[in-house]
K.L.:
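I am attaching a structure below and will ask some questions about it afterwards.
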Amino acid sequence: MTSAPAAAPDLTRQPPAPRGHRGSSALRGRPAVSLIAEGLTAVAAALLMTAAASTVELNPMMRIGQVSGLAALQLRLLLLLGVVLVACAWLMRRRPLAPVRYAAAAISGLASGVTAAGVSLALRDTTWPLGGQNGDAGNLQAWANALMEGKSLDGGYPPVYPHLIAWTAEYLTDGQTAHALKLVGLLFVALLGPAAYLAWRLLLPPLWALGIGVTAALPMMQPYKPYTNIVLVAFVPVLAKLIQTVQRSPRLPRRKAAVTGGVLGLLLGLMFIVYSGWFVWSAAGAVVLTAVVLVRLRRTAGTGGLVAAGYTLGAATAGFLAVAGLSLYRLLSSAGATVDRYCYFDTYTEPTYFAMWRDDLPGTDALSTWPLPGELGGVGVFTILLLVGLGIALTLGIDRASVLVPAACAASALLMRYWYASHMESNQAVMLYPRTSAQLLHCLLLLTGLACFLVARRNADAGAALGVVRLSRRPGPRAVAVGSLCALGLLFGMAGSATADKFMPKQDGGTGALAWTAQVTADYNGHCSAYAPGGTCKQPGDPATVGVPEPDLGVLTCSHLGPFPNARRP
């Protein structure tokens with residue numbers, strides 16, 4: 001048999017792990033400073049793309065201006081993407097692997113930076129955030145103002161975001177919490193891509209972390225309340241890393257296992273005090289999965305395996321409680337007294353549908369066609385592909401934490417979704433259950449991406465084991481990197497533009513009304529946007545501006561829930 005030519009470096013794989021440390025991890029086999037450098041690269045790219053909006057001229061209140069502005073952002077994105085690709089290809093001539101890490105990190109930043117830039121265009125020349133002083137934006141401003149006056153927050157709500165708004169207002173925006181909310185919101189939108197990429201780098205090589213983590217985060221871009229979904233995209237992989245560490249704890253030095261568990265617990269605690277909703281939806285699945293892992297460790301590694309796992313879990317619990325213990329106590333204390341009756345747009349939607357999440361403000365055009373008709377017994381092809389991905393991922397990765405955790409989180413959210421929806425009429429409460437649509441969609445997208453990853457790995461390993469001779473030359477590392485990064489960069493740019501377009505100012509009863517309200521409302525210093533129709537603005541608190549973002553949903557009201565008022569929380 002003719003021997004095959006020497007294989008080019010596989011950019012989808014991590015460098016070989018030390019003995020006794022099998023699997024892939026961003027922190028294994030090289031200093032942690034490398035991951036920190038990737039993070040700095042991602043954040044810098046996100047901020048650079050966001051700042052590029054300042055070089056675009058447009059009238060955001062005119063449709064032709066909105067289209068021109070979005071196109072101008074795409075030109076700047078293409079320029080930055082070209083620079084990243086050329087630099088990556090040139091640097092790979094000497095170091096075939098390292099440049100890919102930083103190129104992937106940069107593109108993760110550009111992915112969400114383009115959305116932040118688009119929202120910045122929509123809010124040009126106004127200090128108001130999306131929504132102005134109304135709805136959740138108004139509640140957050142009120143909370144931040146209360147903090148600045150020395151008052152305390154609602155104990156059941158995570159404290160970080162309101163405190164961050166208050167701090168920004170106090171030190172950067174001359175006490176204007178509305179302006180502070182706008183700036184902090186743009187920052188969180190820009191950081192969604194880097195957060196997803198860096199969290200998945202704990203488990204996957206660069207190209208796969210970019211392709212799986214950031215792609216699954218695309219539907220999670222929510223410029224109105226960006227702090228919620230940035231927690232979701234980071235929470236799942238960090239929890240998966242913790243479960244993976246527990247699985248491997250019998251083979252790790254106890255000190256290393258404890259330190260790793262403690263650091264991951266701290267990260268989870270920090271996410272909890274930013275937004276705790278995803279922890280609530282995932283709690284049942286996480287508990288059951290942890291119990292299953294411990295039972296398997298007891299069978300495979302004996303009592304010593306359980307002791308080692310105990311060190312990891314104990315350190316993780318201590319780290320989590322050190323950051324989030326007080327918030328967790330307040331959340332549990334208020335659980336019985338907090339009843340949410342806010343009706344989402346999709347409260348009336350058939351409960352198994354989750355394939356598209358359209359926030360609270362879908363626009364009047366969606367009311368008569370929601371959910372979208374499905375081709376197979378009412379189920380759409382996209383949902384079927386997600387379920388196929390779920391099946392393949394569980395088949396090939398049933399022992400992998402990266403697969404088990406998204407599956408457990410999805411199962412937990414689905415169970416709680418049906419529970420609350422089935423009791424909605426009898427309990428006279430919605431209890432936020434439509435938000436599980438976002439978690440279900442995100443987790444199944446992750447599992448579909450992981451299915452592709454596992455199939456690719458399985459085929460590569462099978463070919464190597466059989467000594468398969470390829471008739472055509474295997475693609476070189478530069479071709480793999482440039483091709484993958486180019487395709488993903490264009491995908492992210494298109495998705496970012498489409499997301500930003502939904503928030504361009506318009507009076508459509510949808511998300512565009514949020515920016516329209518900001519543009520037509522004068523700030524508390526009397527400044528009126530130069531783009532306000534007729535050059536005049538409503539004053540803050542004017543009844544004509546209050547409630548503008550809330551669409552008229554006709555029969556979609558909470559009247560069927562009896563005399564109870566709607567309770568809306570950010």
K.L.:
If the condition is ring-ring contact (aromatic ring centres under 6.0 Å, His included), which residues does W167 pass it with, not counting sequence neighbours?
P.N.:
Y171

K.L.:
Quick one: salt bridge (charged side-chain N to carboxylate O under 4.0 Å, His left out) pairs with a partner in residues 275-297, sequence neighbours left out?
P.N.:
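Qualifying pairs: R296-D399.
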
K.L.:
If the condition is side-chain hydrogen bond (donor to acceptor under 3.5 Å, both in side chains), which residues does T395 pass it with, not counting sequence neighbours?
P.N.:
none

K.L.:
I need the full list of salt bridge (charged side-chain N to carboxylate O under 4.0 Å, His left out) pairs touching residues 87-99, with sequence neighbours left out, sorted by first then second residue.
P.N.:
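Qualifying pairs: none.
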
K.L.:
With side chain to side chain contact (heavy atoms under 4.5 Å, CB included) as the criterion, how do R458 and L454 come out once you've worked through the C-alpha distance, each side chain's angles and the decisive distance to 0.1 Å?
P.N.:
CA-CA 6 Å; R458 188 180 184 89; L454 294 170; over 6 Å; no

K.L.:
Taking ring-ring contact (aromatic ring centres under 6.0 Å, His included) as the definition, give me every residue that meets it alongside H423, ordered by chain and number, with sequence neighbours left out.
P.N.:
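ring-ring contact (aromatic ring centres under 6.0 Å, His included) check on H423 returns W419.
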
K.L.:
If the condition is side-chain hydrogen bond (donor to acceptor under 3.5 Å, both in side chains), which residues does S249 pass it with, not counting sequence neighbours?
P.N.:
none

K.L.:
Apply side chain to side chain contact (heavy atoms under 4.5 Å, CB included) to residues V403 and I398 and explain how you reach the verdict.
P.N.:
CA-CA 7 Å; V403 170; I398 194 62; over 6 Å; no

K.L.:
Quick test of your reading: applying ring-ring contact (aromatic ring centres under 6.0 Å, His included), list the pairs with at least one residue in residues 282-319, sequence neighbours left out, ordered by first then second residue.
P.N.:
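Every pair satisfying ring-ring contact (aromatic ring centres under 6.0 Å, His included) with a residue in residues 282-319: there are none.
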
K.L.:
Nearest 0.5 Å, please: how far is CG in L264 from OG1 in T312?
P.N.:
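So the gap between those two atoms works out to 9.5 Å.
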
K.L.:
Give the minimum heavy-atom separation between A111 and V214, together with the two atoms involved.
P.N.:
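So the two residues come closest at CB-CG1, 3.9 Å.
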
K.L.:
Strictly by modelled atom types, are T245 and Q247 linked by a side-chain donor-acceptor pair under 3.5 Å?
P.N.:
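There is no such pair between these side chains.
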
K.L.:
Does Y275 form a side chain to side chain contact (heavy atoms under 4.5 Å, CB included) with L232? I'd like the steps, not just the answer.
P.N.:
CA-CA 9 Å; Y275 186 74; L232 174 60; over 6 Å; no

K.L.:
L415: what forms a side-chain contact (heavy atoms from CB on, under 4.5 Å) with it, not counting sequence neighbours?
P.N.:
none

K.L.:
Classify the side-chain pair Q222/K225 by whether it contains a donor and acceptor separated by less than 3.5 Å.
P.N.:
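K225 and Q222 do not have a side-chain donor-acceptor pair below 3.5 Å.
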
K.L.:
Look up atom CE in M356 and atom OG1 in T383, then write down how far apart they are to the nearest 0.5 Å.
P.N.:
9.5 Å

K.L.:
Please report the interatomic distance CG(L81) to CD1(I107), rounded to the nearest 0.5 Å.
P.N.:
5.0 Å

K.L.:
Please answer whether the main-chain N or O of C409 pairs with a side-chain N or O of S412 as donor and acceptor at a distance below 3.5 Å.
P.N.:
no

K.L.:
With sequence neighbours excluded, what pairs up with L414 under the side-chain contact (heavy atoms from CB on, under 4.5 Å) test?
P.N.:
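L414 satisfies side-chain contact (heavy atoms from CB on, under 4.5 Å) with R417, Y418, L440 only.
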
K.L.:
Measuring from F235:CZ to F272:CZ, what's the distance to the nearest 0.5 Å?
P.N.:
10.0 Å

K.L.:
For A37, is there any backbone N or O sitting under 3.5 Å from a side-chain donor or acceptor partner on Y102?
P.N.:
no

K.L.:
Measure the CZ-OG1 distance between R255 and T260 for me, rounded to the nearest 0.5 Å.
P.N.:
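Output value for this atom pair is 12.0 Å.
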
K.L.:
When rounded to the nearest 0.5 angstrom, what distance separates CG in L450 from CD1 in I212?
P.N.:
4.5 Å

K.L.:
With sequence neighbours excluded, tell me which residues meet side-chain hydrogen bond (donor to acceptor under 3.5 Å, both in side chains) with T41.
P.N.:
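T41 satisfies side-chain hydrogen bond (donor to acceptor under 3.5 Å, both in side chains) with no residue once adjacent residues are dropped.
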
K.L.:
Could you pull out all residues at least two apart from Y161 that satisfy ring-ring contact (aromatic ring centres under 6.0 Å, His included)?
P.N.:
F188, Y227

K.L.:
Please check if the side chain of S437 supplies one atom and the backbone of F354 the other of a donor-acceptor pair under 3.5 Å.
P.N.:
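Such a contact is absent between S437 side chain and F354 backbone.
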
K.L.:
Side chain to side chain contact (heavy atoms under 4.5 Å, CB included), that's the test. Do T347 and M424 meet it? Break it down for me.
P.N.:
CA-CA 10 Å; T347 300; M424 182 168 56; 3.6 Å; yes

K.L.:
Using a 3.5 Å cut-off and no angle test, enumerate the donor-acceptor pairs between side-chain atoms of residues 278-288 and protein atoms at least two apart in sequence or in another chain.
P.N.:
| unit_1 | atom_1 | unit_2 | atom_2 | d |
| --- | --- | --- | --- | --- |
| W278 | NE1 | T228 | O | 2.7 |
| S282 | OG | W278 | O | 2.8 |
| S282 | OG | Q439 | NE2 | 2.8 |

K.L.:
Taking the side chain from H442 and the backbone from M220, do they hold a donor-acceptor pair closer than 3.5 Å?
P.N.:
no

